[in-house]
Student: 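I have a structure here, written as structure tokens, and I will follow up with some questions on it.
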Number of protein chains: 2
Amino acid sequence: MRADAQRNRDRIVEVARDVFREQGYDASLDEVAKRAGVGAGTLYRHFPQRENLLDAIMQSWVDRVHDAADKAVTREGTPREQLLAWFETYVGLISVHKGGPAKITSAMGHEESPIRTKCQTLAAANDRVLDHLREAGALRPDVDSVQMCRLVGGVATVADQGELDAAVVRPLLEVVADGVLAQ
Amino acid sequence: MRADAQRNRDRIVEVARDVFREQGYDASLDEVAKRAGVGAGTLYRHFPQRENLLDAIMQSWVDRVHDAADKAVTREGTPREQLLAWFETYVGLISVHKGGPAKITSAMGHEESPIRTKCQTLAAANDRVLDHLREAGALRPDVDSVQMCRLVGGVATVADQGELDAAVVRPLLEVVADGVLAQ
DNA sequence: ACCTGAACACCGTTCAAGT
DNA sequence: ACCTGAACACCGTTCAAGT
């Protein structure tokens, strides 16, 4: 890739991150192009679909996802407390901008999605936490990470779109946690 | 209301129901106006916001919601089976058109929403089922109907946007059910 | 090889003119 | 009192012309 093209690409991603955080995932791409100082065509050349841009934005925090799963696993407390702490972390991870939870969660398990690798990273992180709890015998044997992502992602989506605050979201996550813990 | 105005309103609602079912909640309102044979201004006069139109569309099935809750309560089977059957009914009720689950669920508990009365109807139906199970001692004491609507609505939203089929949705509803049943 | 930005399409929303 | 539909704004997307 030519140097100027690379520089343009980087600026678009950087700016898009800010714009999406300010205005949500449905923000105008024209605005992104303008702020990045490039023509609309340049944005479309690099990112033919909006989801390609989302994928690029998510690139930077992929490492944090692994770290977060590590922390959740080494945390003090009962399995229930560990699981709940992880759920809240997960909700935070996918709720960086408005509209994010819905887009990410609905792409879960879809092989054709431009953000599939990011979804796989999220599922892998969930798997890591679930495996840890499974070893401790605290978990139902029949739950998998994609289900987990859909359940917690569903709660995150509702929280995002209904603008619920953490105190209201917490009991919803508790229900999900109790549903997947060994009874 | 003048007779021709009433007739126009009725036609708009009738047409919108079809268009939303075909194309989802984000369908063009211009299309609705055209099919209804009215000018765009007429549509906006009757329904200043898109949600006002959704409210009008939902009017017709409010009775069905009560009936569905009645049926769920008198159904044969264990509390878990009753609850699951109700969840599936509920998901079906709010998933009449694409984009519906998200809109309805995120309006839950919002006093200012144009569809608040419909949300209250849904919450009341949920309450009916929950009360029945509570009497049987099958339910955790601390769950309420709005939480229920948000949890099951979250699953319905993910299913709607991720185009999941019933076989994939079922285990998600089971987790929610197990989370709210007495353990 | 890449970029620009005008051009087109589509849709939401308003409002002056009409009945 | 209500309706029409042209007009405007905004945004996504493409592509001919330029470097």
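Computed from a prediction, not measured in an experiment: that's the story for all the values here. Excluded from the calculations below are hydrogen atoms, water molecules and symmetry mates; all remaining heavy atoms, backbone and side chain alike, are included. In what follows, every chain begins at residue 1, and chains take the letters A, B, ... in the order their sequences are listed.
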Student: Write down the distance between CZ (B:Arg35) and P (C:dC11), rounded to a whole number of angstrom.
Tutor: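 My rounded result for the distance is 12 Å.
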
Student: Does B:Asn8 put a side-chain nitrogen or oxygen below 4.0 Å from OP1 or OP2 of D:dC2?
Tutor: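 No, because none of the side-chain N or O atoms of B:Asn8 sits under 4.0 Å from OP1 or OP2 of D:dC2.
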
Student: If you look at every strand shown and take non-hydrogen atoms under 4.0 Å, does B:Ala40 touch a base, only sugar-phosphate, or nothing?
Tutor: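 Base contact.
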
Student: Roughly how far, to the nearest 0.5 Å, is CG of B:Leu53 from CG of B:Leu43?
Tutor: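 Those atoms lie 6.0 Å apart.
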
Student: Taking CD from A:Gln49 and P from D:dT14, how many angstroms apart are they, rounded to a whole number?
Tutor: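 My rounded result for the distance is 10 Å.
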
Student: Identify which nucleotide among D:dG12, D:dC2, C:dG12 has an atom closest to any side-chain atom of A:Leu29, counting heavy atoms from C-beta outward.
Tutor: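 Closest of the options to the side chain of A:Leu29: D:dG12.
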
Student: I'd like to know if A:Glu31 pairs up with A:Arg35 as an ion pair, taking the criterion as any Lys NZ or Arg NE/NH1/NH2 lying under 4.0 Å from an Asp or Glu carboxylate oxygen.
Tutor: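 Yes, charged N to carboxylate O under 4.0 Å.
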
Student: Can a salt bridge be assigned to the pair A:Lys34 and A:Asp30 using a cut-off of 4.0 Å between side-chain N and carboxylate O?
Tutor: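 Judged by the 4.0 Å cut-off on N to carboxylate O distance, A:Lys34 and A:Asp30 do form a salt bridge.
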
Student: Could you tell me the separation between the CD1 atom of B:Ile12 and the P atom of D:dC2, rounded to a whole number of Å?
Tutor: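 Computing the B:Ile12:CD1 to D:dC2:P distance gives 13 Å.
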
Student: Quickly work out the B:Leu43 CG to D:dC2 P distance and round it to whole Å.
Tutor: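 Rounding to the nearest Å, CG of B:Leu43 and P of D:dC2 are 15 Å apart.
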
Student: Do B:Gln59 and B:Lys118 pair up side chain to side chain, a donor and an acceptor below 3.5 Å, judged on atom types alone?
Tutor: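 Their side chains do contain a donor-acceptor pair, which is all the 3.5 Å distance test asks for.
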
Student: Without decimals, in angstroms, what is the distance between A:Asp30 CG and C:dA6 C1'?
Tutor: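 From A:Asp30 CG to C:dA6 C1': 12 Å.
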
Student: Within the 4.0 Å heavy-atom criterion, would you say B:Ala3 contacts the bases, only the backbone, or no part of the nucleic acid?
Tutor: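 Nothing: the residue B:Ala3, judged by heavy atoms under 4.0 Å, touches no strand.
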
Student: In whole Å, what is the span from the CZ atom of A:Phe47 to the P atom of C:dC2?
Tutor: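 Nearest whole value for this atom pair: 13 Å.
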
Student: Whole-Å distance between D:dC11 P and A:Tyr44 OH?
Tutor: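 Nearest whole value for this atom pair: 11 Å.
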
Student: Measure up the A:His97 and A:Tyr25 rings against each other and bin them: parallel (under 30°), tilted (30 to 60°), perpendicular (over 60°).
Tutor: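 Rings of A:His97 and A:Tyr25: parallel, under 30°.
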
Student: Please compare A:Gly41 and A:Glu31 by the position of their nearest nucleotide in DNA chain D and report the one closer to 5'.
Tutor: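 Closer to the 5' end of DNA chain D: A:Glu31.
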
Student: Does the side chain of B:Thr42 get closer than 4.0 angstrom to OP1 or OP2 of D:dC2 through an N or O atom?
Tutor: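 No, B:Thr42 has no side-chain N/O under 4.0 Å of OP1/OP2 on D:dC2.
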
Student: Would you mind telling me which of C:dC2, C:dT4, C:dT14 lies closest to the side-chain atoms of A:Arg45?
Tutor: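 Out of C:dC2, C:dT4, C:dT14, the nucleotide with an atom closest to A:Arg45's side chain is C:dC2.
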
Student: Counting only Watson-Crick or G-U wobble pairs whose two distances fall under 3.5 Å, which nucleotide matches D:dA16?
Tutor: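 Because both required distances fall under 3.5 Å, D:dA16 counts as paired with C:dT4.
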
Student: Report yes if a side-chain nitrogen or oxygen of B:His46 is closer than 4.0 Å to either non-bridging phosphate oxygen (OP1 or OP2) of D:dC2; otherwise report no.
Tutor: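 No, because none of the side-chain N or O atoms of B:His46 sits under 4.0 Å from OP1 or OP2 of D:dC2.
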
Student: Using both distances under 3.5 Å as the test, list the Watson-Crick or G-U wobble partner of C:dC11, or none.
Tutor: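 C:dC11 is paired with nothing.
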
Student: Where each residue is assigned the nucleotide of DNA chain C containing its nearest heavy atom, which of B:Arg2 and A:Arg9 is assigned the position nearer the 5′ end?
Tutor: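 The 5'-side residue here is A:Arg9.
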
Student: Measure the distance from CG on A:Asp26 to P on C:dC11 and round it to the nearest whole Å.
Tutor: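 In whole Å, C:dC11 P and A:Asp26 CG are 17 Å from each other.
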
